[in-house]
A.B. asks: 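Submitted below is the structure of interest, expressed as structure tokens.
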Amino acid sequence: MGKLGEDFFTKPTLLLAELLLGKVFVHNAADGRCYKGRIVETEAYLAEGDEACHAFRGMTKRNKVMYGSPGTLYVYFTYGCHNLMNIVTEPEGVAGAVLIRAMEPMSGIEEMKKNRDIMRTVDLMNGPGKLTSAMDITLEHNGLSLSSDTVYLEEGENFPPSVISSSKRIGITKSADLFWRRYIAGNAFVSKSKPGPPPGKKKTLLES
DNA sequence: TGTAAGATCTAG
DNA sequence: TAGATCTTACAA
């Protein structure tokens with residue numbers, strides 16, 4: 001399967017949030033384990049006009065990775081117990097990222113179950129904090145490039161635009177009205193936090 | 001230096 | 001529905 005090059009990430013954040021669906025995220029861990037998962041849910045975050053974005057008030061020690069090269073991993077810790085994983089977008093100097101909210105496990109499933117200490121495959125990565133735990137993604141991965149051999153994306157099976165749905169983002173209070181969440185309608189591995197509107201209610205970029 | 005909030009998850 | 005648990009940002 002083809003590894004995605006840096007060119008892939010030089011697209012607008014919202015478009016990337018859709019294009020990332022179906023792509024395969026690969027993590028070759030330091031202990032020799034290899035984790036693979038297909039992305040089925042994303043959320044876009046942009047500094048401009050988006051109060052929910054970490055970079056809305058400018059660059060800080062934490063969010064400086066968001067200002068880096070597109071295709072960089074931005075991992076941060078929140079709620080005292082969860083790592084969340086983003087892929088940096090927009091040209092260098094402009095803050096933007098796509099939060100990976102859910103994935104469908106493809107490889108290393110037994111290791112993921114041990115990492116999460118659960119048995120049900122469908123619950124392994126159906127939430128942003130869950131997938132980092134399953135794939136052993138930590139703050140050590142913050143700032144890593146997706147053109148490295150440790151973490152990268154592979155060309156997966158592209159979903160038809162008709163199954164890509166959009167909704168408001170989840171778990172935030174600021175800029176909560178933006179329809180910047182993208183997910184695969186009906187996919188069992190999408191997070192269950194809140195049901196979105198029926199598919200097709202809002203046009204996605206790929207449809208229009 | 002202290003404090004409050006937070007892009008979450010799980011158990012009860 | 002609340003508690004876990006810790007980093008960051010901001011105010012004093």
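Quick note on labels: first sequence line is chain A, next is B, and so on, each numbered from 1.
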A.B. asks: Judged by atom type as modelled, is there a donor-acceptor pair below 3.5 Å linking the side chain of A:T42 to the main-chain atoms of A:A17?
C.D. replies: yes
A.B. asks: Round to the nearest Å and state the distance from A:L131 atom CG to B:dT8 atom C1'.
C.D. replies: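 Spelled out: CG on A:L131 to C1' on B:dT8 is 12 Å.
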A.B. asks: Check the distance between B:dA7's P and A:I137's CD1 and give it to me in whole angstrom.
C.D. replies: 20 Å
A.B. asks: To the nearest Å, give me how far apart NZ (A:K130) and C1' (B:dA11) are.
C.D. replies: 13 Å
A.B. asks: Taking 4.0 Å as the cut-off, does a side-chain nitrogen or oxygen of A:H54 come that near to OP1 or OP2 on C:dT8?
C.D. replies: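 False: A:H54 side-chain N/O out of range (4.0 Å or more) of C:dT8 OP1/OP2.
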A.B. asks: Which whole-number value in Å describes the distance from A:I170 CD1 to B:dA7 P?
C.D. replies: 13 Å
A.B. asks: Of all the choices, B:dA7, B:dT8, C:dT8, which nucleotide is nearest to the side chain of A:M66 once you look at every atom?
C.D. replies: B:dA7
A.B. asks: Taking the side chain of A:L99 as its heavy atoms from C-beta onward, which of C:dC6, B:dT10, B:dA7 lies nearest to it?
C.D. replies: B:dA7
A.B. asks: If you pin A:K174 and A:I118 to their nearest nucleotides in DNA chain B, which one's is more 5'?
C.D. replies: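 The residue closer to the strand's 5' end, by nearest nucleotide, is A:K174.
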A.B. asks: For A:N126 and B:dT8, give me the distance from atom CG to atom P, rounded to whole Å.
C.D. replies: 13 Å
A.B. asks: Could you tell me how far apart A:R62 (CZ) and C:dC10 (C1') are, to the nearest whole angstrom?
C.D. replies: 13 Å
A.B. asks: Does the C:dA4 base have a donor-acceptor partner in the side chain of A:Y79 within less than 3.5 Å?
C.D. replies: no
A.B. asks: Answer yes or no: is there a donor N or O on one side and an acceptor on the other, between the side chain of A:N142 and the main chain of A:L139, under 3.5 Å?
C.D. replies: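 Between the backbone of A:L139 and the side chain of A:N142 there is no qualifying donor-acceptor contact (under 3.5 Å).
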A.B. asks: So does A:R101 get a side-chain nitrogen or oxygen closer than 4.0 Å to the phosphate oxygens (OP1/OP2) of B:dT8?
C.D. replies: yes
A.B. asks: May I ask you to say what A:G80 touches in the nucleic acid, namely base, sugar-phosphate or nothing, with a heavy-atom cut-off under 4.0 Å?
C.D. replies: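 Base contact.
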A.B. asks: Would you indicate, yes or no, if C:dT7 has its OP1 or OP2 atom less than 4.0 angstrom from a side-chain nitrogen or oxygen of A:K61?
C.D. replies: no
A.B. asks: I need the CG-P distance between A:N86 and B:dA7, as an integer number of Å.
C.D. replies: 11 Å
A.B. asks: Is the NZ or CZ atom of A:R181 positioned over A:Y183's six-membered ring, under 6.0 angstrom from the centre and within 45° of the axis?
C.D. replies: yes
A.B. asks: Could you give the NZ-to-P distance, from A:K64 to C:dT8, as a whole number of Å?
C.D. replies: 11 Å
A.B. asks: Quick one: which of C:dA4, B:dA7, B:dC9 gets closest to the side chain of A:Y76?
C.D. replies: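 Given the options C:dA4, B:dA7, B:dC9, the side chain of A:Y76 is closest to B:dA7.
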A.B. asks: Which one is paired to B:dG2, where only Watson-Crick or G-U wobble pairs with both distances under 3.5 angstrom count?
C.D. replies: C:dC10
A.B. asks: Give me the ring orientation class for A:Y35 and A:H27: parallel if the planes are under 30° apart, tilted from 30 to 60°, perpendicular past 60°.
C.D. replies: parallel
A.B. asks: In terms of side-chain heavy atoms of A:C81, which of C:dT5, C:dT7, B:dT10 is nearest?
C.D. replies: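 Ranking C:dT5, C:dT7, B:dT10 by closest atom to the A:C81 side chain puts C:dT5 first.
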A.B. asks: To the nearest 0.5 Å, tell me how far A:E18 CD sits from A:L206 CG.
C.D. replies: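 Rounded to the nearest 0.5 Å, the CD-CG separation comes out at 4.5 Å.
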